[in-house]
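Structure, as structure tokens:
So you know, we letter chains A, B, ... as the sequences are listed, proteins then strands, and number each from 1. Remember, it's a predicted structure, so these values are computed and weren't measured experimentally.
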Amino acid sequence: MTNSLNIEQNLAILDRMLLIRRFEEMLIDLDQDHDFGHYHLYIGEEATGATVVESLIPTDLLLTTWRNHGHLLARGTNPGRMVAEILGRVDGYNKGRGGTLHLTDREAGFLSTSGLVGGAVGLAAGAGFALKQAGEGNICVVFFGDGSLEEGVVFEAMNLASLWSLPVLFMCENNNSGAISAQEGGFPSSEIAASQISDIPKSLNINSKLVDGADVAAVHTVVTEAVSNIRSGNGPVFVEAYSERWPGSRPLWPEQATGVTQVASAWDESLLTGEHKEWIIEFDPLIRFIRNQLAEGLFSKDELFDRDRKIQTQITEARAFGEASALPDPQSALDGVFAA
Amino acid sequence: MPPDSSANIQSDRNITLKAAVLEAMFEEMKCDENVVLIGEDVGAAGGVFKQTEGLFETFGADRVIDTPISESAIFGLSVGAAMAGSRPIVEVMFGDFLTLVMDQLVNQAAKVHYMSAGGFNVPLVLRTGIGIGGSLGPQHSQSLHSWLAHIPGLKVVMPSSAADAKGLFKAAVRDNNPVIFMEDRMTYNLKEHVPTGEKIIPLASAAVKRKGVEVTIFAISRAVHTALAAAEILLEEKNISTEVVDLRTLAPLDVETIVSSVRKTGRAIVLDGGYKSFGITGEIAATIGELVFDYLDAPVMRLAAPDIPVPYSPSLESLMVPSVDQVVAKVSTMFGDSV
Ligand SMILES: Cc1ncc(C[n+]2csc(CCOP(=O)(O)OP(=O)(O)O)c2C)c(N)n1
Ligand SMILES: [Mg+2]
């Protein structure tokens, strides 16, 4: 799809995608040293999160799932404080109480990260309700996986959003378009009877779109139109952004299945060797974007290396910040069950 | 009787709690073809904790059934199936997700037999993993057993060891009521000798896991191991003779065993991994107060999780699980020792 984004926007999206990729790669390494709680990575879905935020304004609200790191980083949260939270340290966004599965950043507009499948979608309808009452043109975006459509609350929330014309963007990230099966020891064995997920909201009269979630330009076009529709009071929109699941997200615990990303593999396939090289060539959204943008002359190879290096330095610093942060005092856990 | 004659007869019968429950499932599915297993990833994947491994291969996709991520519907379906002739074992991956099945469990399953004046039964087992450890965070660490035990019509079983788990699970499958079977994930890999052959442990029977004469620690699930370790230290360091009673089943409660132990020891402390307020520790303390107050030499004590969501950070999470040291200190105060 042709790219309606200007140079600054494309570069901002590139930086976000690189930031997410390098952050997630670092976490796999960090887990070897620190053995923190169960976590999920956003690798392979970066194009969606990094692009959706381009169409939002700072006063919009967001919610997400356990696959949240990319959404938060795309929205500009501090990677060092994220590492601190993932390690359960005092400088973390939630002071170590929530951890990777529940990272939230109020300043960035995140209400919640739900560890339960479908858990955030009901809240999203509620955020939309309050934003509509306030009447200031803000909207709510909720990211969730294809599995969420199997939970009853998601159907109920979409029905309410449609009936009451709530300003909600239902951003469904369907990473199941590739074969992921229980037979491979994969997780999960989620299933839905509908032939297309976006048919389900359609039956509730919700404007529904299907888009290649690994295609930055396509996501931008669809989401920009959706957001403008929602902002002008036309009710919710459902976007199904499909992607080919990253092989490292197939096992229960993330694995560095495709190796540390080499940006040069966008033009030099001889750098790729492992069993998943086809995934990188065909489906890796970062490599795809770099390949396209090089062809369009957005940046030179040297500029790309430069940006990647800067981001890697930022991630190294973020890791150091998180690791240097202290564990919270155990007794502090007893505070703050109720709001004042 | 073990399922696959020779393959399963091992000379070393020290097996894990997880393996013991799996063995119980094999045996029960073998002897009653109405028993089916339903849940997320229980089939070919063998469960996310490998807790159902091999069942799919043995009993096939008709009896070992993978489901969508639809806890409420899966459980509702199982209730209906149980009323119509099946004997489902339903797996809910995390005890926290019980909140999603609460309507079908509390408003439907628990009341069917009573409301129909005995016309219908709901013979099913809801199996779920609970407990704290490994930084799973506030939505994957809860122990909500007391909440369920509050509902008339539900049985709640919580084994602490492999042999008990097997015998209790078999009893749960054969019971004609909805039975919630909760295993603490931290006990999954604890091994002990599990006898071969048909050994059914009746529900509502507590077990004296250690005999003593001066104080009784009542505990359940993982906390039983804390109690046993504390009892050993109390004897060695303070010369206090401690009895440990594993409740094994919360509902119905084995009141007889509780009161007879207190009559003997005259002191009681109740230990639980769930929340303190409105929980099983209060229930047992009150039961003792009502029935054997005259035998008490000290007020009944309690140790349970503080009333906060289970935090993620390892330093905060550690606060949630009553420790051996805490038990020793608390028991010591009952003998006039200041902590
Ligand atoms: C209510 C509930 N049921 C089950 C789970 C266990 N679980 C965690 S992630 C997951 C798969 C969700 O798939 P999907 O929504 O497509 O998201 P993805 O991980 O593919 O991004 C499951 C079943 C859960 N967290 N919450
Ligand atoms: Mg998915």
All heavy atoms of A:E151 vs all of B:L100, minimum pair found to be OE2-CD1, 4.2 Å
Check each atom of A:S148 against the heavy atoms of chain B and say whether the ones under 4.5 Å are side chain, backbone, both or neither. neither
Kindly indicate whether the side chain of A:S332, heavy atoms from C-beta on, has any atom under 4.5 Å from the side chain of B:L316. yes
Side chain / backbone / both / neither for B:E71 at chain A, heavy atoms under 4.5 Å: both
In terms of heavy-atom pairs under 4.5 Å with chain B, which of A:V153, A:T100, A:D35 leads? A:T100
To the nearest 0.5 Å, tell me how far B:I69 CD1 sits from A:D146 CG. 7.5 Å
Give the minimum heavy-atom separation between A:L87 and B:Y312, together with the two atoms involved. C-CE2, 4.4 Å
State whether the number of non-hydrogen atoms from other residues, nucleotides or ligands found under 6.0 Å of A:H34 atom NE2 is greater than 12. yes
Return yes when atom CZ of B:F49 has more than 12 non-hydrogen atoms of other residues, nucleotides or ligands closer than 6.0 Å, and no otherwise. yes
Answer yes or no: is there a side-chain heavy-atom contact under 4.5 Å between B:D307 and A:V337? no
In Å and rounded to the nearest 0.5 Å, what is the OG1 to CD distance from B:T67 to A:E150? 8.5 Å
In terms of heavy-atom proximity below 4.5 Å to chain B, should A:D329 be classed as side chain, backbone, both, or neither? backbone
What are the two closest heavy atoms between B:L319 and A:A333, and how far apart are they? CD2-CB, 3.8 Å
For A:I86, is it the side chain, the backbone, both, or neither that has a heavy atom closer than 4.5 Å to a heavy atom of chain B? both
Return the CD to CG distance between B:Q139 and A:L101, rounded to the nearest 0.5 Å. 8.0 Å
More than 12 heavy atoms of other groups within 6.0 Å of A:Q196 CD: yes
Measure A:L327 against the heavy atoms of chain B and call it side chain, backbone, both or neither at under 4.5 Å. both
Heavy-atom cut-off 4.5 Å, strictly under: side chain, backbone, both or neither for B:P138 against chain A? both
Heavy-atom proximity to chain A below 4.5 Å, by part of B:S72: neither
What distance do B:S313 atom OG and A:R97 atom CZ have between them, rounded to the nearest 0.5 Å? 10.5 Å
Who wins among B:S135, B:S315, B:P311, B:A73 for the most heavy-atom pairs under 4.5 Å with chain A? B:S315
